[in-house]
Amino acid sequence: MWIDVITLFPGMFLGPLQESILKRAQQRGLLNIVLHHLRDYAFDRHQMTDDVPYGGGAGMVMRPEPLFRAVEAIASDDATPIILLTPQGRRFDQAMARALAARPRLLFICGHYEGVDERAREHLVTEELSLGDYVLTGGELAAMVVIDAVARWIPGVLGADDAASGDSHASGLLEGAQYTRPARFRGWDVPDVLRSGHHAAIARWQWEQSLRRTASRRPDLLAQADLSAEAGAFLQEIHPALREPGTQ
Ligand code: ADE
């Protein structure tokens, strides 16, 4: 997969993209991330990428010309999604991460200042994404979050043992409780079933835990999830005590 990022602050990306799984994915040629400095596409004497808003108001607005120039120089085809990170965008989620990972190429524009000239939004950008209902200092951190979540879905990026399909949200539900050694810690024991070696019983326990946890923490997800009849029956059974064991 090929990802271009247009940003005023390419330095912000250097740490997060050069560690851990994203670093390995790039070394193995599964992911190419190319950073483009927006200022390189601003040709006026002062290389201005922003200006005061027409009609007045606080803050600055990103000018359209450098953005158009940058995108047109970078993405030669019409199929590449041109994604603007902005708090006004559609809320990013796991389903979008998965869908974006199926594309061969993505281009991100990191928004800044008070916003982006409307002509760039209307005629250049194909999608606007937001991380959530809060305002970051710019789109850079948001782009890194989206890139990270997308990369997990690229075949080969994660090892077979930790495939993204088992993650919380991948199935529409939260993952259940997890334990590792020691079997007893400060008097708290790992549930016996997990040490029983009985695979079917373990799978059933994990499935129940996932449903219980989702019901207690994120009932909104259950409402949207594509649940089996068996899951529906289990939830009926534990209702109204939609509580995880140990939480009061
Ligand atoms: N830029 C500033 N705030 C943002 C947000 N919440 N999501 C995406 N991009 C942003």
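Atoms within a ligand are numbered from 1 in the order they appear, just like the ligands themselves.
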Notebook entry, point to check: Which protein heavy atom lies closest to atom 3 (N) of ligand 1, and at what distance to 0.1 Å?
Noted result: L136 N, 2.9 Å
Item checked: Worked check of side chain to side chain donor-acceptor pair (under 3.5 Å) between T7 and E140 -> CA-CA 7 Å; T7 169; E140 280 76 11; 2.5 Å; yes
Notebook entry, point to check: Relative to the heavy atoms of V135, which atoms of ligand 1 are at a distance of less than 4.0 Å?
Noted result: 3 (N)
Next item on the list: Would you check if the distance from the ring center of H123 to the ring center of F68 is below 6.0 Å?
Entry: no
Check: What part of P87, side chain, backbone, both or neither, has a heavy atom within less than 4.0 angstrom of ligand 1?
Finding: both
Note to self: Less than 4.0 Å is my threshold; does some heavy atom of G111 fall inside it relative to ligand 1?
What the structure shows: no
Next item on the list: For atom 9 (N) of ligand 1, grab the closest protein heavy atom and report residue, atom and distance to one decimal in Å.
Entry: T86 N, 3.2 Å
Item checked: Partners passing side-chain hydrogen bond (donor to acceptor under 3.5 Å, both in side chains) against R204 (at least two apart in sequence or in another chain) -> E208, E230
What pairs of donor and acceptor atoms, side-chain ones from residues 171-179 against any protein atom, are under 3.5 angstrom apart with sequence neighbours left out?
from: S171; atom 1: OG; to: L173; atom 2: N; distance (Å): 3.3
from: E175; atom 1: OE2; to: Q178; atom 2: NE2; distance (Å): 3.1

Next item on the list: Check if T137 has a non-hydrogen atom at a distance under 4.0 Å from any atom of ligand 1.
Entry: no
Next item on the list: For atom 6 (N) of ligand 1, grab the closest protein heavy atom and report residue, atom and distance to one decimal in Å.
Entry: Y134 O, 2.7 Å
Margin query: Assess the residue pair H36 and D4 against the criterion (side chain to side chain donor-acceptor pair (under 3.5 Å)); give the C-alpha distance rounded to whole Å, side-chain angles, the decisive distance to 0.1 Å, and a yes or no.
Written below: CA-CA 7 Å; H36 305 270; D4 294 288; 2.8 Å; yes
Next item on the list: Output the list of atoms in ligand 1 that are nearer than 4.0 Å to some heavy atom of A142, sorted by atom number.
Entry: 8 (C), 9 (N)
Next item on the list: Report, in ascending order of atom number, the atoms of ligand 1 lying under 4.0 Å from any heavy atom of L129.
Entry: 8 (C)
Notebook entry, point to check: Identify the closest protein heavy atom to atom 7 (N) of ligand 1: which residue and atom is it, and at what distance?
Noted result: L131 N, 2.9 Å
Check: Is there a side-chain contact (heavy atoms from CB on, under 4.5 Å) between L17 and D148 once you walk through the steps?
Finding: CA-CA 8 Å; L17 300 185; D148 189 285; over 6 Å; no
Checklist line | For the student: nearest non-hydrogen atoms of L221 and T214, plus distance | finding: CB-CG2, 3.9 Å
Check: Counting only heavy atoms, which portion of D133 has something under 4.0 Å from ligand 1: side chain, backbone, both, or neither?
Finding: neither
Margin query: Let me check something: do L136 and L14 share a hydrophobic cluster, defined by ILVMFWY side-chain heavy atoms less than 4.5 Å apart, either directly or through other members?
Written below: yes
